[in-house]
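I have placed the structure first, in the form of structure tokens, so that the comments after it can refer back to it.
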Number of protein chains: 2
Amino acid sequence: MDEQESDGVKRVSISTEKSLPIALLRARESVMGPIRSMLANAGVTEQQWRVLRVLDENTSMDPTEIAERSCLLLPSLTRILQTLGEKGYVDRSPHPTDGRRLRITITPSGRRFIASNMAESERIAARLESHLGKDKMELLLDLLNELDGLRL
Amino acid sequence: MDEQESDGVKRVSISTEKSLPIALLRARESVMGPIRSMLANAGVTEQQWRVLRVLDENTSMDPTEIAERSCLLLPSLTRILQTLGEKGYVDRSPHPTDGRRLRITITPSGRRFIASNMAESERIAARLESHLGKDKMELLLDLLNELDGLRL
DNA sequence: TCAATATAGTTAACTTGTTAACTTCATGGG
DNA sequence: CCCATGAAGTTAACAAGTTAACTATATTGA
């Protein structure tokens, strides 16, 4: 119940319980718990893992594309690519025609890293889906995508 | 379609498109866009705003309670309370019986700050609900809460 | 052609996220 | 009573989020 409703006045204010941003945050925390453990063992952060996975799905990308697909801002990505380069998981080369751009590629070592951790990642995802139910999962993804598509 | 399905082999891997953590992240980004503009004008961060709103709903709390309700970790909250104290929005006093705890209270200035920005905050929330639809909004909140309740 | 403007990426400065170590106070059992 | 253990906060160190300024290259139009 809403603590501030004891005076009989219906509170219009959105108590933090019903706030969508906070609900999204909490839900994400719950989902990320097991994934974080897995990634901590593997020695990468959640964001580094996202970048590697996006790169693994594509042969070569420039930072702007990577940022878009892994949901990171460019300044963050600059630092992450720096770290991943030091770990030997990505290479960078100049763009053939546009001197402003870079071509980022995942190295064989990076692909091996993904391969050796993907099974566990998928086990975690499968366990989540089995707990929530396939139908609810799809419904949830649809709603989230719709939210993402809204132009506010 | 999935780029890696061209060989006819059904990919089991969860392309980042269908990843729940990323969908949650993207959805949150969309929702937060207008809120961030509002808060930037007001001169507080999203997290500072969350803390103030939680404090506004309760007369006095200790940091552990605040952290739980505003979905922050204690080390972050320590710094945020420091900042809010400097802004004059919160006060701290020792707990009457337990020497380890603190009592954090929102100041009148903090309440005025909330009051002068709550209307705009609610306009934004209302616009969101009108775009998505009340039914879908409730459905989404239910699903997110269920996700939060899962023990993985 | 060349100056104005736009794009890609980096750097900087500040705030927060995240984990671990640390300090102080409480509490329960010997 | 005293020590071991636990709980509440803080501090530290590093990674990432966020906005703005900046560099270098491209592109456009007069």
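Protein chains get the first letters and strands the later ones, always in sequence-line order, with residue 1 at the start of each.
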Once you round it to whole Å, what is the distance between [atom2] of [N] and [atom1] of [X]?
X	N	atom1	atom2	result
I66(B)	dT10(D)	CD1	P	10 Å
E46(A)	dC14(D)	CD	C1'	16 Å
L74(B)	dT10(D)	CG	P	8 Å
E86(B)	dC14(C)	CD	C1'	13 Å
D62(B)	dT24(C)	CG	P	20 Å
R28(A)	dA16(D)	CZ	P	13 Å
L39(A)	dG17(C)	CG	C1'	15 Å
R50(B)	dT16(C)	CZ	C1'	10 Å

Donor/acceptor link under 3.5 angstrom from R79(B) side chain onto base of dT15(C):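 Answer is no: no donor-acceptor pair is held.
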Do the side-chain N or O atoms of [X] get closer than 4.0 angstrom to the phosphate oxygens (OP1, OP2) of [N]?
X	N	result
Q82(A)	dT10(C)	no
T45(A)	dT18(C)	no
T64(B)	dA7(D)	no
R101(A)	dT25(D)	no
Q47(A)	dG17(C)	no
T78(B)	dG9(D)	no
Q48(B)	dT16(C)	yes

If you only use heavy atoms from C-beta on, which nucleotide in [options] is closest to the side chain of [X]?
X	options	value
L72(B)	dA26(D), dT18(D), dG17(C)	dG17(C)
R100(B)	dG6(D), dT16(C), dA15(D)	dG6(D)
L102(B)	dG9(C), dT10(D), dT11(C)	dT10(D)
S76(B)	dT10(C), dT10(D), dG17(C)	dG17(C)

Close side-chain approach of S121(A) and I35(A), heavy atoms under 4.5 Å: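 When only atoms from C-beta onward are counted, I35(A) and S121(A) do not touch, as no gap falls below 4.5 Å.
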Lys/Arg-Asp/Glu bridge criterion (N-O < 4.0 Å) met for R26(B), E29(B):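 Looking at R26(B) and E29(B), the cut-off is not met.
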Salt-bridge contact R101(B)-E65(B) (side-chain N to carboxylate O under 4.0 Å): no
Sole candidate of R112(A), R111(A), R50(A), R69(A) that passes salt bridge (Lys or Arg N to Asp or Glu O under 4.0 Å) when paired with D56(A): R111(A)
Whether K136(A) side chain and H131(A) backbone form a donor-acceptor pair below 3.5 Å: no
Derivation of the side-chain hydrogen bond (donor to acceptor under 3.5 Å, both in side chains) call for T105(A) and D91(A): CA-CA 5 Å; T105(A) 52; D91(A) 274 336; 5.0 Å; no
Which residue lies more 5' along DNA chain D, comparing R92(B) with D98(A) via nearest heavy atoms: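 Checking each residue's closest nucleotide, the 5'-ward one belongs to R92(B).
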